[in-house]
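Written below as structure tokens is the structure these notes are about.
Residue numbers begin at 1 in each chain, while the letters A, B, ... track the order of the sequences.
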Amino acid sequence: MAGGTQRTARVLKGFRDYLPEQMILRGRIIRRFREVFERHGFEPLDTPTIEYLEVLTGKAGENEKLMYRFTDHGGREVGLRYDLTVPLARVVAMHQNDLAFPFKRYHIAPVWRADNPQRGRFREFWQCDADIAGSASMLADAEVVAVMAEALAAVGLPEFTIRISHRRLLECIGLAAGVPAERASSLYRAVDKLDKIGRDGVVREMVAYEIPEASARRVLDLVAATGAPESLLAALAYELSEVQGSEEALSELSELFAALPAFGVPEDRYLLDLALARGLDYYTGPVFEATVTEPKIGSVGGAGRYDDLVGGFLGRPVPATGMSLGLERIVEVVQEHGLLPADRTVAQVAVAIFPATVAAGARLASEMRAAGFNVDLSLQPNRSVGDQLKLAGRQGIPAAIIVGESEIAEGRVSLKDLRSGDQETVPRDKVAAALRRLLPG
RNA sequence: GUGCCUUUAGCUCAAUCGGCAGAGCGCCUGUCUGUGGAACAGGAGGUUGCGGGAUCGUGCCCCGCAAGGCACCCCA
């Protein structure tokens with residue numbers, strides 16, 4: 001240190017550095033998600049990380065307390081985006097004349113929440129969203145579910161379930177059971193914990209929110225039923241026949257479930273689960289959540305229809321639906337099960353050189369790069385070849401080329417497989433072909 | 001924002017009742033000026049998370065802070 005007080009190197013709670021091995025894995029996952037999104041015709045989008053606070057607030061409900069907010073240098077009240085859905089609504093409202101509707105976009109980017117960290121939960125984390133704005137059709141919701149299932153399958157998740165519910169249907173169930181409409185959000189929150197705290201726990205929680213116990217039990221009877229979606233919905237149609245709006249919610253779900261098979265979503269990947277409510281206040285219709293059981297990190301993705309969000313900016317309603325995958329949680333699952341290769345380096349071949357072969361080695365490295373390989377040319381010709389190979393092996397580089405004087409003299413180089421230790425000498429003009437044989441993929 | 005647990009070498013951990021901070025692995029050097037991983041020999045590496053207090057004396061006791069984890073809240 002050149003004078004002065006030494007600073008402490010540290011990062012904020014819930015924020016992390018991503019070292020190369022981590023970045024390589026994250027990049028692989030993101031690439032696969034992007035491929036699925038684009039295969040479905042979703043267009044890329046990015047937005048500022050900071051927005052006017054007014055843009056961000058008002059629709060996240062209680063979650064606003066987790067929002068990073070501050071006053072910028074110009075005295076503006078601003079916040080770090082809390083999700084990618086609200087910025088999308090803002091974009092749709094601002095750029096409606098530049099977009100063709102239904103507008104399908106994907107957005108892979110970091111968001112910030114001042115939550116308490118634990119496994120798979122950070123203050124800065126990445127969401128991978130795919131949304132459709134400008135379509136009220138259940139076909140849009142079906143495609144969102146299909147994209148979600150395909151994306152999770154694309155990174156090899158062995159077991160996941162997409163639970164499907166409906167916000168307004170849940171509200172109707174509440175009304176039928178005698179839960180006042182203004183208690184709806186308490187109802188959502190309590191019911192959502194069914195699998196966690198059990199029936200009695202949910203009843204206790206609802207009673208605590210001034211919902212009559214009899215109503216609470218009635219809600220649970222209707223919500224906890226399991227079985228084929230068609231028969232469950234039919235049963236509910238009977239129970240809710242008096243409740244205004246239930247017919248529409250029920251028919252939306254029927255349409256959705258009817259469409260899913262045609263969209264190629266495997267039957268064992270989704271189920272109707274009316275106990276699913278989801279916390280975000282802006283959902284207005286079908287809601288989805290993807291969960292895994294190992295490791296125990298709960299949901300890896302959430303989704304739903306939010307028909308009023310764009311209207312909050314535009315004054316006229318624009319229906320929209322979409323889904324969001326949590327990159328960090330999916331990374332946890334991928335690592336836990338070893339679903340994708342965990343390479344420590346992007347380099348495919350190391351070039352070891354001697355003081356007398358620096359130029360020849362550099363030239364060969366250039367040629368190999370032009371041939372499409374990721375090449376790590378040694379910068380230490382004075383170190384022994386042993387050291388150079390050792391370093392390459394430790395970095396996890398699978399192959400090495402040794403450019404020595406004797407080989408060069410006869411127009412050859414040595415090619416070594418650093419994993420097996422096998423080595424051969426190959427003519428200079430055959431190196432690329434030999435490398436291609438050696439390297440995986 | 002709340003409660004509980006944890007924090008000792010790069011990593012995993014040990015250290016009796018409060019009494020000289022250690023091991024394994026890893027790392028570096030050498031055996032070895034052109035072939036890594038092995039073996040052998042040697043070596044470096046510590047403000048015991050940070051700050052304060054009590055004590056003749058603390059890694060160990062007390063207080064505060066920070067970070068990580070678990071649970072709550074909420075959520076990806």
Legend entry - Inter-nucleotide P distance (B:C61, B:A15), Å rounded: 13 Å
Inset, instruction - Rounded to whole angstrom, note down the P distance from B:G59 over to B:C74. - result: 44 Å
Inset, instruction - Quote, to the nearest angstrom, the C1' distance that separates B:A41 from B:G57. - result: 39 Å
Legend entry - Sugar-phosphate only, base, or nothing, as touched by A:Gly301 at under 4.0 Å among non-hydrogen atoms: sugar-phosphate
Inset, instruction - Measure from NZ or CZ of A:Arg167 to the centre of the six-membered ring of A:Tyr188 and say whether it is under 6.0 Å with the direction within 45° of the ring axis. - result: yes
Inset, instruction - Taking A:Thr357 for its side chain and A:Ile353 for its backbone only, find out whether a donor-acceptor pair lies under 3.5 Å. - result: no
Inset, instruction - Look at all strands and tell whether A:Leu327 reaches a base, only sugar-phosphate, or nothing, counting heavy atoms closer than 4.0 Å. - result: nothing
Inset, instruction - Spell out yes or no: do the side chain of A:Arg189 and the base of B:C75 have one donor N/O and one acceptor N/O closer than 3.5 Å? - result: no
Legend entry - Residue whose closest nucleotide on RNA chain B lies nearer the 5' end, A:Arg119 versus A:Leu325: A:Arg119
Legend entry - A:Ser414, nearest nucleotide to its side chain (from B:A76, B:A67, B:U35): B:U35
Inset, instruction - Please determine, for B:C13, whether a Watson-Crick or G-U wobble partner exists with both distances under 3.5 Å, and give it or none. - result: B:G22
Legend entry - Interatomic distance, A:Glu328 CD vs B:C75 C1' [rounded to whole Å]: 13 Å
Legend entry - Strand partner of B:A71, provided both Watson-Crick or wobble distances fall under 3.5 Å: B:U2
Legend entry - Gap between atom CZ of A:Arg123 and atom CG of A:Asp115 - 0.5 Å precision: 7.5 Å
Inset, instruction - For A:Asp417, answer base if it contacts any base atom (sugar-phosphate contacts may also be present), sugar-phosphate if it contacts only those atoms, and nothing otherwise; contact means non-hydrogen atoms under 4.0 Å. - result: base
Legend entry - Euclidean distance, atom CG of residue A:Asp422 to atom P of B:U35 [Å, nearest integer]: 18 Å
Inset, instruction - Answer with yes or no whether A:Asn116 presents, from its side chain, a donor or acceptor under 3.5 Å of a partner atom in the base of B:U2. - result: yes
Inset, instruction - With rounding to the nearest 0.5 Å, note down the distance linking OG1 in A:Thr47 to CG in A:Leu84. - result: 6.5 Å
Legend entry - From CZ (A:Arg329) to CD (A:Gln127), nearest 0.5 Å: 10.0 Å
Inset, instruction - Using a heavy-atom cut-off of under 4.0 Å over every strand shown, decide if A:Glu407 touches base, sugar-phosphate, or nothing. - result: base
Inset, instruction - May I have the distance from A:Asp131 (atom CG) to B:A76 (atom P), rounded to whole angstrom? - result: 12 Å
Inset, instruction - Please state whether the base of B:C70 and the side chain of A:Arg121 form at least one donor-acceptor pair under 3.5 Å? - result: no
Legend entry - Upstream residue (5' side of RNA chain B) when A:Gly302 and A:Arg383 are each assigned their closest nucleotide: A:Arg383
Inset, instruction - For B:A67 and B:U29, measure between their C1' atoms and round to the nearest Å. - result: 36 Å
Inset, instruction - Please work out if A:Arg113 contacts a base, only the sugar-phosphate, or nothing of the nucleic acid, heavy-atom cut-off 4.0 Å. - result: base
Legend entry - Per A:Tyr82 side chain, nearest of listed nucleotides B:C74, B:G68, B:A76: B:C74
Inset, instruction - Could you give the distance separating B:U7 and B:G49 at their P atoms, to the nearest angstrom? - result: 8 Å
Inset, instruction - Check the distance between B:C28's C1' and A:Lys390's NZ and give it to me in whole angstrom. - result: 9 Å
Legend entry - Note: A:Glu289-A:Arg163 ion pair, threshold 4.0 Å (strictly below): yes
Inset, instruction - Side chain of A:Leu66 only, please: which of B:U35, B:C74, B:C75 is the nearest? - result: B:C74
Inset, instruction - Would you mind checking if A:Glu150 and A:Arg39 are paired as a salt bridge, meaning a charged N to carboxylate O distance below 4.0 Å? - result: no
Inset, instruction - Pick base, sugar-phosphate or nothing for A:Gly120, based on heavy-atom distances below 4.0 Å to the nucleic acid. - result: base
Inset, instruction - For B:G42, give its Watson-Crick or G-U wobble partner with both distances under 3.5 Å, or none. - result: B:C28
Inset, instruction - Report the base-pairing partner of B:C65 (Watson-Crick or G-U wobble, both distances below 3.5 angstrom), or none. - result: B:G49
Legend entry - Separation of B:G37 C1' from A:Ile397 CD1 (nearest whole Å): 15 Å
Legend entry - Span that lies between the C1' atom of B:U12 and that of B:U16, in whole angstrom: 22 Å
Inset, instruction - Please indicate whether A:Glu182 has more than 12 foreign heavy atoms, meaning atoms of other residues, nucleotides or ligands, lying under 6.0 Å from its CD. - result: yes
Legend entry - Nearest-Å distance once atom P is located in both B:C70 and B:G51: 28 Å
Inset, instruction - Rounded to the nearest angstrom, tell me the gap between atom CG in A:Asp192 and atom C1' in B:A76. - result: 14 Å
Legend entry - Closest to side chain of A:Gln118, choosing from B:G36, B:A71, B:A76: B:A71
Inset, instruction - Write down the distance separating the P atoms in B:G64 and B:A38, rounded off to the nearest Å. - result: 48 Å
Inset, instruction - Using a heavy-atom cut-off of under 4.0 Å over every strand shown, decide if A:Gln423 touches base, sugar-phosphate, or nothing. - result: base
Inset, instruction - Have a look at A:Gly386 and say if it touches a base, only the backbone sugar-phosphate, or nothing, with a 4.0 Å heavy-atom cut-off. - result: sugar-phosphate
Inset, instruction - Searching all strands shown, indicate the nucleotide that pairs with B:G36 (Watson-Crick or G-U wobble; both distances under 3.5 Å). - result: none
Inset, instruction - Round to a whole Å and report the spacing from CD of A:Glu205 to P of B:C72. - result: 11 Å
Legend entry - Crowding at CZ, A:Arg119 (>12 non-hydrogen neighbours, <6.0 Å): yes
Inset, instruction - May I have the distance from A:Gln388 (atom CD) to B:C32 (atom C1'), rounded to whole angstrom? - result: 15 Å
Inset, instruction - Measure from the side chain of A:Val385, starting at C-beta and using heavy atoms only, and say which of B:U35, B:A76, B:C28 lies closest. - result: B:U35
Inset, instruction - Please check the phosphate of B:A71 (OP1 and OP2 only) for any side-chain N or O of A:Lys196 closer than 4.0 Å. - result: no
Inset, instruction - Under 4.0 Å between any heavy atoms, over every strand shown, what does A:Lys193 touch: base, sugar-phosphate, or nothing? Just pick one. - result: sugar-phosphate
